[in-house]
Trainee: 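Sending over a structure as structure tokens; questions will come in a sec.
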Amino acid sequence: MDAYGDLQSGRLGPLGELNLPPGPVVTVCGVGRTAAIATDLLRAKGVEALTLDGGMRSWSLAWNTAQTTISGCEVVQVRRTGKGCLSYIVESQSEAVVIDASVDPDVYVRLLRERGWRLVAVADTHIHADHLSRSRLLSDQEGVDVWLPTQDRAQYPFRPVADGDRIAFGSTALVAMRTPGHTQESTTYLLDRAAAFTGDTLFLNSVGRPDLDGGTHQELASRARLLHMSVRHLLQLPYAAEVFPGHVSEPIPFDRRMLGRTVGTIRDTLALARLEEAAFVQAVLARIPPNPPNHSRIVELNERGEVPGDPSELEAGANRCAVV
Ligand SMILES: [Fe+2]
């Protein structure tokens with residue numbers, strides 16, 4: 001619905017007809033001005049309303065968390081509400097690893113301190129194309145190593161991760177499983193075969209797109225075949241293993257509920273994953289969405305491990321690393 005015209009004329013318009021849930025309402029618009037009008041009008045009706053300062057830029061950076069226990073380890077999911085990026089803090093015996101850091105390093109530092117955990121490693125599942133990785137910043141700030149899947153693109157010091165490598169923390173380790181396809185280096189981190197941090201290889205209801213590195217139709221098809229093999233491998237994990245992906249395609253509610261799905265549920269519900277290789281390749285290549293905005297610039301910065309002062313312009317727009 002379009003509420004702008006009414007709001008700018010001082011009327012709630014369609015907003016007045018919304019069945020609002022209990023609790024405070026936060027209004028957001030492009031820069032924050034129309035949202036402030038909506039807030040005033042909602043308050044006049046007795047609704048507890050607040051305006052998000054900074055409009056959509058702030059929305060792109062807003063975050064919330066959910067937490068669960070898996071195999072005796074704590075897993076905190078740190079979610080960029082508007083953009084759908086999911087990152088993780090995984091803890092064993094008060095030692096923690098951060099996977100796919102996508103919000104300001106200070107957020108992870110605060111969440112770690114609040115829980116009394118010590119950061120021992122930062123890892124990325126792949127070189128991201130839809131948001132700027134904060135992993136290098138976080139690792140520099142906290143004086144720990146950043147682990148990246150082996151590749152020759154990143155231009156800063158990192159610990160290379162090969163298939164089967166272990167990132168040890170507490171009494172356990174994340175075990176790397178190479179899952180190429182979305183990108184050549186894409187890697188899944190397994191926690192006790194009970195949780196799989198799949199990056200952009202396998203999502204809750206889709207698979208990663210194989211085209212962001214560019215190339216001919218043949219090259220894309222060969223990456224789609226790799227993706228098919230990787231998804232097959234992942235779906236051979238135990239039925240009850242939890243899949244925790246690198247993003248979701250909808251805004252994330254502030255509900256503290258983990259976004260994850262068991263391997264069994266994905267096997268049963270994701271028709272794409274049941275296709276034989278040729279049909280899978282055809283389906284994936286037919287369902288590639290437009291490129292994420294600024295993706296070549298984002299990849300370039302991620303290869304250099306740099307984050308500009310204000311990343312919100314570059315990162316504007318939804319995630320587009322999944323086939324649709
Ligand atoms: Fe990606």
Side-chain angles (χ1 to χ4, degrees), residues 60 77-80 82-88 98-103 122-136 146-154 158 161 176-189 196-215 219-220 222-224 226-231 234 243-250 252 259-260 266 270 272-273 284-285 287-307 311 314-324:
S60 161
Q77 190 173 55
V78 184
R79 306 100 70 88
R80 271 177 77 171
K83 192 150 174 69
C85 296
L86 306 178
S87 58
Y88 299 90
V98 169
I99 301 173
D100 283 340
S102 65
V103 296
V122 178
D124 273 359
T125 53
H126 64 294
I127 310 262
H128 295 278
D130 54 357
H131 68 272
L132 294 157
S133 170
R134 272 65 165 185
S135 292
R136 187 187 184 193
V146 59
W147 300 64
L148 299 180
T150 311
Q151 34 65 45
D152 55 10
R153 293 160 57 199
F158 64 91
V161 181
M177 176 181 175
R178 273 307 257 241
T179 44
H182 171 61
T183 64
Q184 190 63 42
E185 77 283 357
S186 283
T187 293
T188 291
Y189 296 108
F197 300 92
T198 55
D200 292 356
T201 299
L202 179 61
F203 299 111
L204 303 183
N205 49 19
S206 188
V207 299
R209 59 191 291 174
D211 66 305
L212 285 175
D213 288 346
E219 286 166 325
L220 263 55
S222 104
R223 263 181 255 138
L226 285 174
L227 182 67
H228 180 257
M229 188 187 67
S230 297
V231 169
L234 285 169
V243 169
F244 293 127
H247 69 80
V248 288
S249 45
E250 281 104 43
I252 300 163
L259 287 160
I266 296 178
L270 181 59
L272 201 54
V284 163
L285 296 185
R287 289 161 62 175
I288 287 177
N291 283 343
N294 309 315
H295 86 280
S296 3
R297 178 85 183 118
I298 290 176
V299 167
E300 196 185 308
L301 286 166
N302 282 336
E303 288 173 351
R304 295 214 299 263
E306 287 172 13
V307 180
L314 263 181
E315 291 185 319
N319 264 289
R320 289 204 195 125
C321 271
V323 299
V324 290

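Remember, it's 1-based here, ligands and their atoms both numbered in the order they're listed.
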Trainee: Between T183 and S186, is any side-chain donor less than 3.5 angstrom from a side-chain acceptor?
Mentor: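 Yes, a side-chain donor-acceptor pair sits under 3.5 Å.
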Trainee: Using a cut-off of strictly less than 2.8 Å, determine whether H128 has an N/O/S atom near the Fe ion (ligand 1).
Mentor: no
Trainee: Under the salt bridge (charged side-chain N to carboxylate O under 4.0 Å, His left out) rule, what do R136 and E306 come out as? Steps first, then yes or no, please.
Mentor: CA-CA 8 Å; R136 187 187 184 193; E306 287 172 13; 5.8 Å; no
Trainee: Would you say the side chains of Q151 and R153 form a donor-acceptor pair under 3.5 Å?
Mentor: no
Trainee: What distance separates T187 OG1 from E185 CD, expressed to the nearest 0.5 Å?
Mentor: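 It is 7.0 Å, given to the nearest 0.5 Å.
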Trainee: Within D200, is some N, O or S atom less than 2.8 Å away from the Fe ion (ligand 1)?
Mentor: yes
Trainee: Does H247 put an N, O or S atom under 2.8 Å from the Fe ion (ligand 1)?
Mentor: no
